[in-house]
Amino acid sequence: MTASELVGETDESAGQATESPVRPASDDSVVVVDGLRKSFGSGGGAVTAVDGVSLAIERGSVVGFLGPNGAGKTTLIKSILGMVIPDEGEVRIDGVDARASPRAAYADVDAMLEGARNDYWRLTVRENLRYFATVSGVDPDSVTARHDRLLERLDLAGKADVAVRDLSRGMKQKVSLASVLAGGASVLFLDEPTLGLDVESSRTLQRELRRLVAEEDLTVILSSHNMDVVETVCDRVVIMSEGRVIADDTVDALLRTDDSHRLELTSVDFDDALRAALTERPAVVRTESLERGGRIELRADSDELYALFADLDERGVRLDDIKSVDRDLETAFFDLTGIDGPDL
Amino acid sequence: MTADEPGFEPAGGSDTEPADRTTPRRAGYRHLMRAVLYREYLVFVRYPANAVGGIVVALFFFALLFYGGRMVAGRALTDSIEGIIVGYFLWTLSVGAYSSISNDIGSEVQWGTLERHVMTPFGFAPVALLKGVAKLVRTFLTSALILAVMLVMTGTALSLNVFTVVTVATLTVVSVLGLGFAAGGITVLYKRVGNWLNLLQFGFIVLISAPAFDFGWARLLPLAHGSALLQQAMVDGTRLWEFSVVDLGLLVGVAAGYLVGGYLVFQAATRRARQLGVLGDY
């Protein structure tokens with residue numbers, strides 16, 4: 001099955017885990033992955049890191065890869081980039097078979113990889129930009145103005161002639177991003193770009209990334225543990241679990257994947273016995289004991305909600321507080337992957 | 001954008017500041033060579049501690065060998081001092097070339113920069129070869145300094161026809177550069193084996209001494225034949241054109257064979273690392 005043949009097999013209901021939750025390839029697809037599979041080890045100890053993944057990424061989009069540890073995100077990215085040779089499947093970048101013609105396929109691609117320095121710390125910021133522009137196939141003298149602009153954008157202009165090793169961690173991360181952008185590649189893979197950054201540095205990087213995407217017409221494939229990063233920066237999210245794509249849709253669609261209402265009710269009448277009884281109801285997803293009474297979290301459609309309120313009324317429960325709980329990407333992620341906690 | 005047309009006209013029309021409209025030019029191997037050599041030069045001049053440390057250690061051991069040997073062996077050592085100086089010079093060249101390229105590849109793996117090079121239009125192979133050239137030049141500079149101090153220390157005079165010495169020594173050390181590539185490839189696959197691979201440099205002493213054992217086949221080993229020619233050039237004053245075609249052909253053949261062999265081992269190890277998914281794991 002080719003990615004283009006996936007047309008018609010996608011699920012219309014946004015973000016639901018289905019057999020083929022992937023988007024079809026289109027004429028505008030710049031990255032097309034078809035049936036990618038990669039296992040490590042052999043025999044009984046073999047681990048399938050990527051299990052038949054097919055997806056297509058449109059030019060100009062920002063796609064986030066989400067998934068728990070070991071979901072296969074990094075292996076998928078490295079397989080797309082040719083740093084890991086897949087067992088099966090095909091990768092096409094801008095229509096070019098990456099296995100058959102890697103140089104041509106990756107001519108317009110660059111990557112910032114998780115846990116790697118990505119650049120040379122003994123060189124200055126500007127020297128890194130010039131070096132990586134050259135190895136990306138671009139004469140650095142012809143992109144000096146672009147480098148100046150990048151340094152301005154990323155607030156690195158004042159540090160242009162400082163060795164990278166003398167910069168803070170946040171700045172080093174920005175230099176990594178700048179060096180990835182230095183050669184003018186329009187397809188970028190960013191694996192955990194905000195890893196290890198403090199909140200402020202992470203937000204600055206997200207803001208600058210969003211701005212650069214708009215200005216440079218970039219296609220970005222981003223993997224992150226940080227839901228805020230994905231929600232802020234990405235147009236679309238691919239959620240992976242156990243090597244497979246279990247959801248592939250826009251952030252907006254994933255945030256409204258079900259019609260349920262989410263409420264948080266607090267009452268002094270929610271004693272241990274009542275909370276225990278309420279957990280039997282499917283609508284109640286969480287209970288919590290408070291100093292006086294307790295709190296329950298509901299996820300229910302209208303019928304279930306009316307039924308539950310009728311039950312509470314019958315039991316003589318007086319509600320002290322009712323809050324609507326917004327569904328965020330984190331909630332959607334937990335729902336889709338079946339993970340209980342925030343340990344992604 | 002393709003490799004042939006690396007243009008990236010940034011999209012304008014956003015509500016932010018307009019993007020610049022410069023059209024990038026394609027970089028060829030000339031640009032790559034300049035970039036890699038310039039990077040090596042910058043690192044060398046900015047961080048000379050390693051090079052200076054290497055020179056000091058090499059001279060310390062030579063002083064130990066010379067003065068200690070003179071005390072123990074007396075005239076016997078003094079009579080053969082020219083050969084010892086040439087051998088020691090070649091050994092410092094070999095160790096410098098071998099360890100710098102193998103350690104450098106290990107560092108590139110550790111930093112994640114090797115992975116990044118793999119997907120560029122040039123790949124890592126030409127970058128590694130150019131690094132090898134830079135390491136060779138660098139090692140020549142430091143070893144020349146060591147040679148000068150050794151000559152002054154021992155009061156010895158050698159025939160130093162620069163053209164002959166540089167050509168023969170370069171071709172001799174190229175075979176070791178090939179071993180460095182192979183060792184770098186093993187580091188890519190097995191990571192923290194650098195210390196074990198560095199032990200190989202003590203084997204170079206045997207290879208440099210191999211001509212003394214007069215085994216014909218030993219001339220096919222790295223360093224051995226070149227060592228014999230370098231002794232002739234520096235001790236006996238033989239000029240490059242005075243060597244036989246067979247000798248020069250063997251020197252070039254051994255250099256090319258080990259360089260190509262080491263390069264193929266490096267390529268095979270990199271490919272295996274990509275299959276195992278360990279190219280960037282450190």
Check this for me: does any side-chain nitrogen of one of A:Asp87 and A:Lys38 sit under 4.0 Å from a carboxylate oxygen of the other? yes

With chain B, which of A:Thr134, A:Val135, A:Val84 has the greatest number of heavy-atom pairs at distances under 4.5 Å? A:Val135

Are B:Arg116 and A:Ser179 close enough that a side-chain donor and a side-chain acceptor fall under 3.5 Å? yes

Cut-off 4.5 Å, heavy atoms of chain A, and the answer for B:Leu32 is both

Should B:Arg138 and B:Glu40 count as an ion pair when the cut-off is N to O under 4.0 Å? no

Would you call the rings of B:Trp91 and B:Phe202 parallel, tilted or perpendicular if under 30° counts as parallel and over 60° as perpendicular? tilted

Please state whether the side chain, the backbone, both or neither of A:Thr74 comes within less than 4.5 Å of a heavy atom of chain B. neither

For B:Val127, is it the side chain, the backbone, both, or neither that has a heavy atom closer than 4.5 Å to a heavy atom of chain A? side chain

Pair A:Tyr131 and B:Tyr38, ring centroids less than 6.0 Å apart: no

Ignoring hydrogens and angles, tell me if any N or O in the side chain of B:Ser143 forms a donor-acceptor pair with the backbone of B:Phe140 under 3.5 Å. no

Non-hydrogen atoms of chain B under 4.5 Å away: do they reach the side chain of A:Ala163, the backbone, both or neither? side chain

B:Tyr47 versus chain A, heavy atoms under 4.5 Å apart: side chain, backbone, both or neither? side chain

Would you say A:Asp235's side chain and A:Val62's backbone share a donor-acceptor pair under 3.5 angstrom? yes

Identify which of B:Arg34, B:Arg30, B:His117 forms the greatest number of heavy-atom pairs closer than 4.5 Å to chain A. B:His117

Residue A:Ser39 versus chain B: region with a heavy atom under 4.5 Å: neither

Part of A:Val180 within contact of chain B (heavy atom distance under 4.5 Å): both

